[in-house]
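First the structure, in the form of structure tokens, and then the observations on it.
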Amino acid sequence: MMGGTIDVESELGKGSKFTVVLKHHLADEKYYAQVNEDLSLLNANKNIRGKHILLAEDNDLNAEITITLLEDMGLIVERVEDGIQCVAKMEQMPAKSYDLILMDIQSLIWMVIRQHKLFVNCQIKTKPRFLSLL
């Protein structure tokens, strides 16, 4: 697909040597100028330091990587495992405790489904005529 090659040399009892060759074009000076400009904008934007982030992530490795990246940028990160815990945490905390909430779409979908089930169950208990909708 990329026009490269993969070569393997192997000798029993000694090991294997893998050589991967990929063809790429060298970037021109304009590319590096743009990269440096983007990095300078990131460094110049220090107004995000100290902001509070609530992270909803159920995968420990993903959470560890995300927290490390965000903390390296000067952000203060608190983690919960899913959207339900996220909402519970927000209800516990004073208003405006978090400047940003990061939640993957799966957490959001499950939170909406659970909230919908709670609403439907509540409607069935208070208005039995909704039972036929299930």
Side-chain angles (χ1 to χ4, degrees):
M1 277 199 220
M2 296 177 66
T5 61
I6 299 175
D7 295 315
V8 179
E9 297 173 21
S10 184
E11 191 173 332
L12 187 61
K14 287 196 173 186
S16 301
K17 175 183 171 184
F18 298 88
T19 305
V20 178
V21 177
L22 301 174
K23 296 179 183 180
H24 292 282
H25 298 286
L26 292 176
D28 61 8
E29 291 298 321
K30 286 188 266 182
Y31 170 80
Y32 291 109
Q34 181 63 44
V35 169
N36 287 335
E37 183 179 324
D38 292 345
L39 289 175
S40 67
L41 288 174
L42 181 63
N43 290 332
N45 191 7
K46 295 186 182 189
N47 62 347
I48 64 170
R49 291 193 179 282
K51 299 292 184 184
H52 293 263
I53 308 294
L54 180 58
L55 171 67
E57 178 57 65
D58 60 346
N59 181 291
D60 290 335
L61 180 59
N62 290 349
E64 181 180 347
I65 292 168
T66 304
I67 290 168
T68 299
L69 290 171
L70 293 173
E71 287 179 344
D72 285 350
M73 294 172 62
L75 298 166
I76 301 164
V77 183
E78 187 172 345
R79 177 194 174 198
V80 293
E81 290 195 8
D82 58 37
I84 304 300
Q85 291 178 8
C86 184
V87 171
K89 184 59 117 174
M90 289 171 41
E91 291 174 341
Q92 291 174 0
M93 301 298 286
K96 299 183 181 182
S97 292
Y98 300 106
D99 299 295
L100 179 67
I101 298 169
L102 298 175
M103 181 185 315
D104 66 5
I105 191 69
Q106 188 174 358
S107 293
L108 182 61
I109 289 170
W110 282 113
M111 182 182 69
V112 169
I113 289 171
R114 182 171 183 268
Q115 294 298 75
H116 178 69
K117 285 182 180 178
L118 291 174
F119 172 76
V120 170
N121 288 339
C122 178
Q123 292 300 315
I124 290 171
K125 289 177 185 173
T126 59
K127 300 174 185 161
R129 68 180 182 273
F130 287 117
L131 187 58
S132 63
L133 297 175
L134 300 177

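The structure presented is a predicted model; accordingly, all values stated were derived computationally and were not measured. One is the number of the first residue; the rest follow in order along the sequence.
Annotation: the span from L54 atom CG to K89 atom NZ amounts to 8.0 Å, rounded to 0.5 Å. To the nearest 0.5 Å, atom CG of residue L55 and atom CD of residue E78 are 10.0 Å apart. The line from CG of N59 to CD1 of I65 is 8.0 Å long, rounded to the nearest 0.5 Å. Rounding to the nearest 0.5 Å gives a distance of 11.0 Å between CE of M103 and CD of E57. Note that CG of D72 is 11.5 Å distant from CD1 of I67, once rounded to the nearest 0.5 Å.
Looking at heavy atoms from C-beta onward, L69 lies out of side-chain contact with M73 at the 4.5 angstrom threshold. For the pair L70 and L102, the minimum side-chain heavy-atom distance is below 4.5 Å.
A chain of hydrophobic side-chain contacts below 4.5 Å, direct or via other Ile, Leu, Val, Met, Phe, Trp or Tyr residues, connects I48 to L100.
Side-chain atoms of D99 come within 3.5 Å of backbone N or O of H52 as a donor-acceptor pair. For S97 (side chain) and P94 (main-chain N/O), a donor-acceptor pair under 3.5 Å exists by modelled atom type.
For L22, the CG atom is densely surrounded, since the number of other residues' heavy atoms within 6.0 Å is greater than 12.
Clustering of Ile, Leu, Val, Met, Phe, Trp and Tyr by side-chain heavy atoms under 4.5 Å joins I76 with none of the others.
Residue pairs meeting the side-chain hydrogen bond (donor to acceptor under 3.5 Å, both in side chains) criterion with at least one partner in residues 13-22, sequence neighbours excluded, are S10-S16.
Looking at residues two or more places apart in sequence or on another chain, you find a side-chain contact (heavy atoms from CB on, under 4.5 Å) between V8 and F18.
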